[in-house]
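What's counted below: heavy atoms across the whole structure, side chains too, no hydrogens, waters or symmetry copies. Predicted model, so just to flag it, every value in this text is computed and none were measured.
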Amino acid sequence: MSEEKTAVPLQEFMGTVPRLGEIPEVYFNGFRMGLSNSDIKVILLRDNQAAVNLNMSFTTAKTLLVLLEDIMTKLEQVTNHKIMTTMEVNEGLQKLPAGKSSE
């Protein structure tokens with residue numbers, strides 16, 4: 001399987017991906033990960049509920065890591081804005097006074 005190491009606009013990217021048929025579009029806002037002696041499993045979560053199970057080889061997982069890091073770095077560079085991780089957001093939320101909401 002070949003992966004490209006360049007980010008392209010989404011519409012351009014989708015036009016170049018061969019399809020086996022209809023592919024579902026899934027939104028997720030969380031995930032859990034686990035591993036065995038041969039694979040990595042990622043459960044994609046939507047509102048803290050399991051939405052999709054992904055199973056991948058170590059090689060595919062490592063390649064995904066490298067390419068996600070590359071595309072996120074490019075996004076942060078062109079926008080001059082650091083994207084926070086959920087861990088960073090959670091740390092900031094801990095500093096909010098209890099019972100207070102934004103106005």
(message) Just checking F58: does its CZ atom have more than 12 heavy atoms from other residues, nucleotides or ligands closer to it than 6.0 angstrom?
(response) yes

(request) To the nearest 0.5 angstrom, please state how far the NE2 atom of H81 sits from the CE atom of M84. (result) 6.5 Å

Taking only residues two or more places apart in sequence, or in another chain, which ones meet [X] in a side chain to side chain contact (heavy atoms under 4.5 Å, CB included)?
X	answer
N53	K41, I43
L64	M56, L68
L93	V89, N90, L96
M87	T85

(request) Measure across I40 and A61 and return the closest heavy-atom pair with its distance rounded to 0.1 Å. (result) CD1-CB, 3.6 Å

(request) List in chain and number order the residues that pass salt bridge (Lys or Arg N to Asp or Glu O under 4.0 Å) with K95, two or more places apart in sequence or in another chain; answer none if no residue qualifies. (result)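 With neighbours one apart ignored, the set is empty.
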
(request) Please identify each residue that fulfils salt bridge (Lys or Arg N to Asp or Glu O under 4.0 Å) with E88, with sequence neighbours left out. (result) K82

(request) Quick one: list whatever passes side-chain hydrogen bond (donor to acceptor under 3.5 Å, both in side chains) with S57, sequence neighbours left out. (result) T60

(message) Test of understanding: with side-chain hydrogen bond (donor to acceptor under 3.5 Å, both in side chains), list the residues that count as partners of D47, not counting sequence neighbours.
(response)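 Here the qualifying residues are N29.
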
(request) Indicate yes or no: at least one non-hydrogen side-chain atom of F31 is less than 4.5 angstrom from one of L44. (result) yes

(request) Measure the shortest side-chain to side-chain distance between R32 and L45 over non-hydrogen atoms and say whether it is less than 4.5 angstrom. (result) yes

(message) Evaluate T73 against L75 for side chain to side chain contact (heavy atoms under 4.5 Å, CB included), listing each step before the verdict.
(response) CA-CA 5 Å; T73 298; L75 173 65; over 6 Å; no

(request) Answer yes if L54 and Y27 sit in the same cluster of Ile, Leu, Val, Met, Phe, Trp and Tyr residues linked by side chain heavy atoms under 4.5 Å apart, and no otherwise. (result) no

